[in-house]
Amino acid sequence: MPEGHTIHRLARELRRDLRGRTLEVSSPQGRFAHGAEVLDGAALAKAWAHGKHLFLELDPPEAPPERLHIHLGLFGKFRRRATPAPEPYGAVRLRFAGPEWTWDLSGPTACELLDDDGRDRILARLGPDPLRPRTDPEPFISAVTRSKRSIGVLLMDQSVIAGVGNVYRSELCFRHGIDPRRRGVDLDRDTVAAMWDDTVALLTVGVRLGRIVTVEPDDPCLETPRTTMAKLPRADRLYVYRRQHCRRCDAPVEWFDLANRRVYACPVEQH
DNA sequence: ATAATATGGTGAT
DNA sequence: TCACCCTATTATC
């Protein structure tokens with residue numbers, strides 16, 4: 001379930017469970033056997049994220065200046081279990097066994113050791129991350145308002161904004177009443193600035209709840225306004241993504257492909 | 001048993 | 001624009 005919120009939350013959880021602990025590192029599946037060997041016996045020093053990229057800085061006993069770069073892709077998952085953990089279930093690429101908690105990684109697109117240059121090459125192709133504190137939205141605003149590509153495509157472009165994925169893009173466009181096919185250049189700076197602020201807010205909620213919730217707790221579409229988003233039933237969490245009918249006005253939701261992925265929109269409320 | 005699907009990204013054409 | 005990579009779960013035969 002990886003959009004940016006998932007990765008930032010993971011960084012936080014890994015810090016909480018593993019920071020400062022000596023780790024037994026292994027690759028039960030074998031595909032990261034070499035890296036696991038290098039990292040075995042190291043301690044987690046830092047865990048941080050930029051967009052959908054996770055970086056784990058280790059304190060290896062022999063200290064090569066290396067860090068682990070992980071990208072979950074579409075299928076990647078981390079599972080947490082109490083130490084001592086049972087035999088890995090399924091294809092576990094990497095296991096971190098700390099004294100209290102063990103984390104298993106499966107299905108990542110990237111799981112590799114990087115030096116400073118490698119890290120910089122990745123950061124260089126990422127746009128601003130709404131979840132990083134005090135991030136300047138200007139590069140996002142100017143990239144969008146100067147582009148002839150559609151806002152639906154731009155929101156999925158990690159060099160324009162890092163961390164938004166397919167669910168948030170549909171929901172962001174809905175919340176701003178914008179048809180995802182509208183060209184960036186046709187949007188006002190103010191509108192785009194408001195979308196940035198909204199992205200910060202939505203992703204922050206995502207980190208807190210560990211799930212994507214974009215419906216406002218006091219939205220008139222909810223019969224009983226909620227004081228908290230935490231308990232919203234599944235059907236009440238999103239406005240349009242993968243829905244048959246718009247959560248707000250009940251019009252049939254349209255879908256089409258943009259950037260090779262399906263995007264959903266309400267034909268009544270988005271123009 | 002096999003297929004379809006999923007919140008992602010890269011590299012070739 | 002497409003093919004392909006990564007894996008688990010759910011749906012369908």
Side-chain angles (χ1 to χ4, degrees), chain A residues 1-11 27-33 35-36 49-55 68-81 86-95 103-112 114 118 121-127 129-131 149-150 152-175 180-181 199 202-215 229 232 234-235 237-244 253 255-265:
Chain A
M1 317 156 179
E3 295 194 29
H5 68 295
T6 307
I7 313 306
H8 281 263
R9 184 179 166 98
L10 260 173
S27 178
Q29 171 209 47
R31 289 187 56 165
F32 191 61
H50 190 115
K52 300 170 188 169
H53 296 258
L54 177 65
F55 295 88
L68 189 58
H69 166 235
I70 292 168
H71 194 295
L72 294 182
L74 193 50
F75 313 134
K77 270 187 180 52
F78 265 105
R79 286 195 175 77
R80 175 189 195 243
R81 33 207 357 161
E87 281 304 292
Y89 156 90
V92 174
R93 182 82 57 92
L94 175 66
R95 166 170 278 191
W103 284 81
D104 285 345
L105 168 67
S106 66
T109 286
C111 174
E112 58 186 355
L114 289 183
R121 271 195 296 279
I122 288 176
L123 295 180
R125 51 172 214 254
L126 294 177
D129 177 351
L131 281 175
R149 295 147 76 206
S150 67
V153 165
L154 290 164
L155 286 172
M156 290 292 274
D157 182 340
Q158 302 299 299
S159 69
V160 171
I161 183 169
V164 172
N166 206 28
V167 179
Y168 281 120
R169 95 160 147 176
S170 284
E171 296 295 309
L172 280 164
C173 290
F174 174 86
R175 287 170 56 99
R181 292 163 292 198
T199 308
L202 289 180
L203 286 171
T204 301
V205 167
V207 173
R208 205 173 67 231
L209 302 182
R211 67 167 60 125
I212 302 177
V213 176
T214 61
V215 171
M229 288 164 138
L232 280 175
R234 178 181 300 275
R237 291 177 199 157
L238 305 175
Y239 286 109
V240 290
Y241 181 78
R242 298 243 291 166
R243 292 184 59 92
Q244 300 276 75
V253 166
W255 53 263
F256 37 88
D257 285 359
L258 276 184
N260 279 322
R261 314 289 300 284
R262 193 146 294 183
V263 62
Y264 301 79

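Quick note on labels: first sequence line is chain A, next is B, and so on, each numbered from 1.
- Rounded to a whole Å, the CD atom of A/E112 is 18 Å from the P atom of C/dC5.
- Contact annotation: A/K77 does not reach the phosphate of C/dA8 (side-chain N/O to OP1 or OP2, under 4.0 Å).
- Of the two residues contacting DNA chain C, namely A/N260 and A/G73, the nearest-nucleotide position lying further toward the 5' end is that of A/N260.
- Residue contacts for A/R262: at a heavy-atom cut-off of 4.0 Å it reaches no nucleic acid atom on any strand shown.
- Between A/R211 atom CZ and B/dA6 atom C1' there is a gap of 17 Å when expressed in whole angstrom units.
- In this structure, NE2 of A/H53 is placed 8 Å from C1' of B/dG9, rounded to the nearest angstrom.
- Salt bridge annotation for A/D257-A/R262: present, with a cationic side-chain nitrogen under 4.0 angstrom from a carboxylate oxygen.
- Annotation: C/dC5 and B/dT13 have their P atoms spaced 15 Å apart (nearest Å).
- Residue-to-nucleotide proximity on DNA chain B shows that, of A/R125 and A/Y264, the 5′-proximal contact is made by A/Y264.
- Atom pair A/R121:CZ and B/dG9:P shows a separation of 19 Å (rounding to whole Å applied).
- Note that CG of A/L54 is 14.0 Å distant from CZ of A/R9, once rounded to the nearest 0.5 Å.
- Atom CG in A/L74 sits about 14 Å away from atom P in C/dT9, given to the nearest Å.
- Listed pair A/Q158 / B/dG9 meets the phosphate criterion, a side-chain N or O lying under 4.0 Å from OP1 or OP2.
- The CD1-P distance, from A/I122 to B/dG8, rounds to 17 Å in whole Å.
- Side-chain N/O atoms of A/Y89 include one lying less than 4.0 angstrom from OP1 or OP2 on C/dT9.
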Stepwise, does the side chain to side chain contact (heavy atoms under 4.5 Å, CB included) test hold for A/F256 with A/R181? CA-CA 10 Å; A/F256 37 88; A/R181 292 163 292 198; 3.4 Å; yes
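- Here the nucleotide nearest the side chain of A/R242, chosen from B/dT5, B/dG8, C/dA8, is B/dT5.
- Among the protein residues, A/L72 comes within range of no part of the nucleic acid, since none of its heavy atoms lies under 4.0 Å from any strand.
- Contact check, A/H71 against B/dG8: no side-chain N or O comes under 4.0 Å of OP1 or OP2.
- For the pair A/R31 and C/dT7, the criterion of a side-chain N or O lying under 4.0 Å from OP1 or OP2 is met.
- Rounded to a whole Å, the CZ atom of A/R261 is 13 Å from the P atom of B/dT5.
- C/dT7 has A/F75 stacked on its base ring, the centres lying under 5.5 angstrom apart and the planes within 30 degrees of parallel.
- An OP1 or OP2 oxygen of C/dC6 is reached within less than 4.0 angstrom by no side-chain nitrogen or oxygen of A/Q29.
- Taking a cutoff of 4.0 Å between a charged side-chain nitrogen and a carboxylate oxygen, A/R149 and A/D157 qualify as a salt bridge.
- Note on A/R93: only backbone sugar-phosphate atoms sit closer than 4.0 angstrom, heavy atoms only; bases stay farther off.
- For the atom pair CE (A/M156) and OG (A/S170), the distance works out to 8.5 Å, reported to the nearest 0.5 Å.
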